[in-house]
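Heads up, the thing below is written out as structure tokens.
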Amino acid sequence: MNDPVENAKRLAAFKAVDNHVVDGVIGIGSGSTVVYAVERLAQRVKDEGLEVICVPSSFQAKQLIIQHGLKLGDLEMNPNLKVTIDGADESDHMLTLIKGGGGCLTQEKILASCAEEFVVIADYRKASTHLGEQWSKGIPIEVIPSAYRVVYHKIEKMLGGKSDLRMSGSSKAGPVVTDNGNFILDWNFEGVKDWKEVETTLNMIPGVVENGLFVGMARKAYFGMSDGTVMERNV
């Protein structure tokens, strides 16, 4: 694999699956790095006879599980997960994460909260000292469609910064719609010191379904580096 970013993703994903997956129920996150995690998981099931049930965080994750012939589960039947493996748009030195660039933040946070262990996989571009160093698109916030403008104004009044309704690409007019049928606001923050307080403040606004701040949830992260190594972070 010649692309250094794709190789970094693959290295991080493979190491996480090798180090953390045992028999049981596994939460499968969303995004480009998770593709490699599912690839490695399927290989281990084939080679080692692992007995795993995979619970997806999104339509994309569900399709990956099916395509690789893995056992598909859901949270109704499997509410307790051994581990959830997921990517991140950015991680600070304390493993506070921004997630939701792909719009699946609510299901991703639910899966992370149900797991005994939440493990992050990403490439070197996602590792920061402070949030906002690498990721410039803001914090995704899933909102009820009818309330998006109300939420927009409340966020700016309470926390400052600026929010934008995420729009679809050129092939489709109108806003992005999540798997839950909701809209996404992207909040560009300013001068935040306490991420837990911000997370709580956002979720207390009526009309907010969930936000893409993951505070105190991840305990381990693997970052594939451009030199072919994997950097590990623990908290």
Side-chain angles (χ1 to χ4, degrees), residues 3 5-6 8-10 12-13 16 26-39 41 54-68 72 74-75 84-92 95-115 118-128 131-132 134-145 148 163-172 174-189 199 202 208-215 217-218 221-224:
D3 186 323
V5 172
E6 292 304 312
K9 292 176 183 179
R10 189 173 187 270
I26 311 300
I28 302 295
S30 307
S32 58
T33 310
V34 171
V35 172
Y36 296 110
V38 176
E39 176 190 323
L41 179 58
C54 300
V55 178
S57 64
S58 64
F59 181 81
Q60 177 224 11
K62 180 180 178 182
Q63 294 307 302
L64 281 172
I65 292 164
I66 293 170
Q67 287 166 13
H68 284 82
L72 180 67
D74 58 38
L75 287 176
T84 289
I85 296 178
D86 203 352
D89 296 309
E90 188 173 35
S91 169
D92 72 6
L95 299 189
T96 299
L97 312 175
I98 295 176
K99 290 177 52 56
C104 306
L105 57 139
T106 299
Q107 295 98 310
E108 289 174 346
K109 192 174 276 191
I110 292 169
L111 284 194
S113 74
C114 292
F118 175 40
V119 178
V120 175
I121 52 175
D123 63 79
Y124 53 89
R125 303 171 303 167
K126 311 300 178 66
S128 298
L131 295 184
Q134 307 282 355
W135 180 254
S136 60
K137 297 179 181 179
I139 294 168
I141 301 162
E142 185 165 352
V143 298
I144 301 295
Y148 86 88
S163 301
D164 294 302
L165 180 63
R166 188 184 298 180
M167 304 303 287
S168 298
S170 57
S171 61
K172 178 184 180 295
V176 168
V177 178
T178 70
D179 285 358
N180 304 315
N182 297 315
F183 291 170
I184 297 280
L185 292 176
D186 289 300
W187 173 55
N188 288 283
F189 52 87
E199 182 185 33
L202 288 172
V208 170
V209 177
E210 189 53 84
N211 72 79
L213 275 172
F214 285 49
V215 184
M217 300 187 78
Y222 295 88
F223 298 96

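Nothing fancy with the numbering, it's 1 onward along the sequence.
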Does a side-chain heavy-atom distance below 4.5 Å link Leu185 with Val208? no

Over all heavy atoms of both residues, which pair between Ser128 and Glu90 is shortest? Give the atoms and the distance, please. OG-OE2, 2.5 Å

So, the side chain of Asp89 versus the backbone of Gly100: is there a donor-acceptor pair under 3.5 Å, distance only? yes

May I have the step-by-step check of side chain to side chain contact (heavy atoms under 4.5 Å, CB included) for Glu39 and His68, ending in yes or no? CA-CA 7 Å; Glu39 176 190 323; His68 284 82; 4.2 Å; yes

Grab the two heavy atoms, one from Ala37 and one from Ile85, that are nearest each other, plus how far apart they are. CB-CG2, 4.3 Å

Do Ile121 and Asp86 touch side chain to side chain, with heavy atoms closer than 4.5 Å? no

Sub-4.5 Å side-chain heavy-atom contact between Pro56 and Leu72: yes

Do Thr33 side-chain atoms and Gly87 backbone N/O form a donor-acceptor pair below 3.5 Å? no

Is the shortest side-chain heavy-atom distance between Ile184 and Leu105 below 4.5 Å? yes

Using the ring-ring contact (aromatic ring centres under 6.0 Å, His included) criterion, which residues pair with Tyr222? Sequence neighbours excluded. His20

Is the shortest heavy-atom distance from the side chain of Phe183 to the side chain of Thr178 under 4.5 Å? no

If you look at every heavy atom in Cys54 and Leu41, which pair is closest and at what distance? SG-CD2, 3.7 Å

Give, for atom CD of Glu142 and atom SG of Cys104, the distance between the pair rounded to the nearest 0.5 Å. 9.0 Å

My understanding is that only residues two or more places apart in sequence, or in another chain, count here; which of them pass side chain to side chain donor-acceptor pair (under 3.5 Å) with Glu199? Lys109, Lys196

Would you call Glu108 and Ser57 a side-chain contact if the rule is heavy atoms closer than 4.5 Å? yes

Find the distance between OG (Ser30) and NZ (Lys62) and round it off to the nearest 0.5 Å. 13.0 Å

Working for side chain to side chain contact (heavy atoms under 4.5 Å, CB included), residues Leu95 and Val120: CA-CA 9 Å; Leu95 299 189; Val120 175; 6.0 Å; no

Please confirm whether the backbone N or O of Gly101 pairs with a side-chain atom of Arg166, one donor and one acceptor, at under 3.5 Å? yes

Any side-chain heavy atom of Asn180 sitting closer than 4.5 Å to one from Gln107? yes

Please report the closest heavy-atom contact between Val34 and Gly29, naming both atoms and the distance. CG1-O, 3.3 Å

So do the side chains of Phe189 and Ile98 get within less than 4.5 Å of each other, counting heavy atoms only? yes

Would you give the length of the straight line joining atom CD of Gln60 to atom CD1 of Ile28, rounded to the nearest 0.5 angstrom? 11.0 Å

Give a yes or no answer on whether the side chain of Asp123 reaches the backbone of Glu6 with a donor-acceptor pair at less than 3.5 Å. no

Between Asp92 and Thr96, which heavy-atom pair has the shortest distance, and what is it? OD1-N, 2.8 Å

Say whether, by atom type as modelled, one donor and one acceptor occur between the side chain of Ser168 and the main chain of Pro175 under 3.5 angstrom. yes

Rounding to 0.5 Å, atoms CG (Asn188) and CH2 (Trp135) come to a distance of 10.5 Å

Which atom of Lys9 lies closest to which atom of Ser32, heavy atoms considered: NZ-OG, 2.8 Å

When you measure from the side chain of Asn211 to the backbone N and O of Ile139, does any donor-acceptor pair fall under 3.5 Å? no

